[in-house]
Amino acid sequence: MAEEQSELKIYNSMTNEKEIFKPKEPGKVSMYVCGVTAYDYSHIGHARAAVSFDILLRYLKHSGYDVTYVRNFTDVDDKIIKRANETGEDPLELSNRFCDEYDLDMAYLQCERPSRAPRVSAHIDEIKDMIIQIINNGYAYEVDGDVFYAVEKFPNYGMLSGQRLEHNRAGERVAVDSRKHHPADFALWKAAKPGEPYWDSPWGPGRPGWHIECSAMSACYLTHKFDIHGGGIDLIFPHHENEIAQSWAVDKESNISYWLHNGHVTNNNEKMSKSLGNFFTIRQIIVRYHPLALRHFLISAHYRSPLNYSIAQLESSSDAIYYIFQTLQDCKDALSSFQQEGTEENKKAPQVEEAAKECIKKMRIEFQTKMSDDLQTPVIITGSIQEALKYINNCLKKLKKKMQKRAQLQLIQSLIEVEKEIGKVLDVLGFLSSKSYVEIQSRIDVDKDIGKVLDLVGSLPTNSYAEVLKELKDMALKRAGLTEDEVLSLIEERTQARNNKDFPKSDKIRTDLTAKGIALMDVGTETIWRPCIPSEPLEAEVVQKAHIVEEKQSTPPVNQKVEGEGNGPNTAST
């Protein structure tokens, strides 16, 4: 395990308390996270869940654990069938396409790929076998080709959500059915309906219910006993509650040690969701903001807290990312000028200065204590790392002045060590493994095969600080509706106005650009520009326009029927 590592405490939704994390097997962690229902582009609520558990994954690895991370895809579902019927597309082909699109979104957001990403359609046998066991153990019953779980037979139903059985209704995806023994009984298997994909089963043709899929797939890869089960807070009931009941019906010793749930992303303090139509997709956002800015925004609130979406928040996160990478690039540029000084002399350099030691110590203590305390990322990105970045900038100013060689070497060594410590923090937060989203997209444009390109993402070179900065600047220009040539032309025009002592005009040029998110900085006799938080923020409707365009692109009609035999899906005749 990593040295000086604090004990990890995570909030367990089962006990509603923070608990010290102790894996079932020392040194190894098994984690299952509920993924998306793949019928459209994923919104930033999905992104928050993915990034939250990616942070946990990275921190567990940083702590020395060997992690088996399973995140599923629901590719058989009512919503998928409905969308496929609307477009004339094969349901499985539609869901397969959006599974790939989701994986692409995850690559943009720098989320590590899970160890396994099972899909329902590939695990029908495992699902049927589990249903058979539940029936044989007396906890489910069949009616007209449907199979329902008998919730009254599970004595601890409601143990996760705290909801009493007599107050529970059927799951949100299942209408109340008079054939049920209890209104809260839920479907394990659904009899085929005309025009829907189906698989043969002991109860007739049909398809799995929503809840059984995760119980079956988690058991397939992690058994009925594993460490962490995660998902959005809206999954606590009924989905995760029903998973517990299903797994217990198969194995009375089934046990998941920790249940973790991330909070909602809200829009005007209302949960963001496709059903409410108040969502923005990941693609809509990263067309105008760098994926790292979106990632920063998503961890700017504690993962269990609500996170309210706003353009102002994205602008703030974009500015924060730019500041981080500009500082690191300035540090790299300054240090590179000393690389030719000679290694022997550098070896004799004194230890880092006391201010640097204190800076590193504070970062380490804060990182260890706050991340181990239920992953307090907001503290990490606003705390001592900011002091460290400020320290670097102050040191860079000192390096520009004349000083004794020994003091200079001490300062250089201090910069090296502080930058290294910052890098460790940023790596766990997922900011330093950035792959060029431009490079990924250009390869997709050429190859037309998302899956093939995603297999190559790991081999793509990591973006340099300079490349990230260029991407951030390009996005800022896009939001401002300007080209770099136009900005440079305005800088020249402002310079001429200043030379002519036409200060009202020069001030207006600067103010107008600041309003659009372009800051002018006078450095000596030169004027440069960089992105900034606009004094007149971009209106949300601008992003909404991108949504309208994407809506048209997200549901291309493909007139193809579903066919299959054996273990593959079939289509019920109309």
Side-chain angles (χ1 to χ4, degrees), residues 58 107-112 286 289-297 299-300 314-340 356 359-360 363 367 380-382 384-400 411-442 457-479 484 487 517-519 521 523 526 528-533:
R58 288 171 179 271
Y108 288 144
L109 288 172
Q110 311 308 324
C111 291
E112 293 191 11
I286 64 174
Y289 294 90
H290 197 284
L292 291 183
L294 176 54
R295 186 178 177 100
H296 184 280
F297 163 69
I299 67 171
S300 64
L314 281 173
E315 290 286 356
S316 179
S317 286
S318 184
D319 194 61
I321 290 293
Y322 190 90
Y323 173 67
I324 291 170
F325 278 83
Q326 186 64 69
T327 300
L328 295 177
Q329 180 62 45
D330 290 344
C331 182
K332 180 180 178 182
D333 290 342
L335 293 175
S336 65
S337 65
F338 294 96
Q339 288 178 346
Q340 307 301 322
C359 189
I360 291 170
M363 262 197 298
F367 182 76
I380 302 301
I381 61 177
T382 59
S384 59
I385 192 171
Q386 296 299 323
E387 294 178 27
L389 292 167
K390 184 177 180 180
Y391 172 82
I392 287 178
N393 282 315
N394 288 336
C395 286
L396 294 178
K397 291 177 183 177
K398 291 180 183 178
L399 278 179
K400 293 177 181 178
L411 202 58
I412 291 168
Q413 191 62 34
S414 297
L415 280 171
I416 290 171
E417 295 304 319
V418 172
E419 185 206 14
K420 188 186 300 181
E421 199 65 29
I422 290 173
K424 292 177 183 177
V425 174
L426 295 179
D427 188 49
V428 176
L429 296 180
F431 292 137
L432 284 193
S433 57
S434 176
K435 307 291 184 179
S436 171
Y437 76 95
V438 175
E439 174 68 14
I440 295 171
Q441 189 57 56
S442 64
V457 166
S459 63
L460 292 177
T462 299
N463 261 1
S464 66
Y465 300 151
E467 287 169 329
V468 173
L469 289 169
K470 183 181 184 306
E471 291 173 352
L472 286 162
K473 293 182 80 170
D474 288 344
M475 293 248 175
L477 289 170
K478 189 173 186 178
R479 294 194 297 275
E484 185 161 29
V487 172
I518 305 295
M521 304 172 68
V523 183
E526 183 185 9
I528 61 175
W529 74 272
R530 58 150 287 176
C532 69
I533 299 174

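On a predicted model such as this, the values are computed, not experimentally measured, just so you know.
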Ile385 side chain reached by Leu426 side chain, heavy atoms, under 4.5 Å: yes
Check: Ser464 main-chain N/O paired with Glu467 side-chain donor or acceptor under 3.5 Å: yes
Nearest atoms (heavy-atom pairs only) where Gln110 meets Gly430: CB-O, 3.6 Å
Spatial distance of atom SG (Cys331) from atom CD1 (Ile422) [nearest 0.5 Å]: 7.5 Å
Distance, nearest 0.5 Å, that separates NZ of Lys332 from CG of Leu415: 15.0 Å
Gap separating the CG atom of Leu432 from the NZ atom of Lys424, nearest 0.5 angstrom: 12.5 Å
Spatial distance of atom CG (Leu292) from atom CZ (Arg295) [nearest 0.5 Å]: 8.0 Å
Test item: Tyr108 and Leu294 side chains (from C-beta on) under 4.5 Å apart, heavy atoms: no
Closest contact, heavy atoms only, Ala388 versus Cys359: CA-SG, 3.3 Å
Leu429 backbone acceptor or donor facing Arg58 side chain under 3.5 Å: no
Intermediate values then yes/no, side-chain contact (heavy atoms from CB on, under 4.5 Å), Val425 and Ile381: CA-CA 9 Å; Val425 174; Ile381 61 177; over 6 Å; no
Side-chain heavy atoms of His290 within contact of Ile321, under 4.5 Å: no
Partners meeting side chain to side chain contact (heavy atoms under 4.5 Å, CB included) with Thr327 (sequence neighbours left out): Tyr323, Leu389, Ile392, Asn393
With sequence neighbours excluded, residues passing side chain to side chain contact (heavy atoms under 4.5 Å, CB included) with Ile360: Arg364, Glu417, Val418, Glu421
Side chain to side chain contact (heavy atoms under 4.5 Å, CB included) partners of Ile416, counting only residues at least two apart: Leu335, Ile412, Gln413
Gap between atom OH of Tyr322 and atom CD of Gln329 - 0.5 Å precision: 9.5 Å
Atom of Cys532, atom of Glu315 and distance for their closest heavy-atom approach: O-OE1, 4.2 Å
Salt bridge (Lys or Arg N to Asp or Glu O under 4.0 Å) against Lys470, all qualifying residues, sequence neighbours excluded: Asp474
For Gln386, side chain to side chain donor-acceptor pair (under 3.5 Å) partners two or more places apart: none
Rounded distance [0.5 Å steps], CG in Leu472 versus OG in Ser318: 5.5 Å
Test item: side-chain donor near acceptor, Tyr465 and Gln326, under 3.5 Å: no
Residue pair Leu399 / Ala334: nearest heavy atoms and the distance that separates them: CD1-CB, 4.4 Å
Glu387: partners by side chain to side chain contact (heavy atoms under 4.5 Å, CB included), with sequence neighbours left out: Lys362
Short N-O contact, Arg530 and Asp319, less than 4.0 angstrom: yes
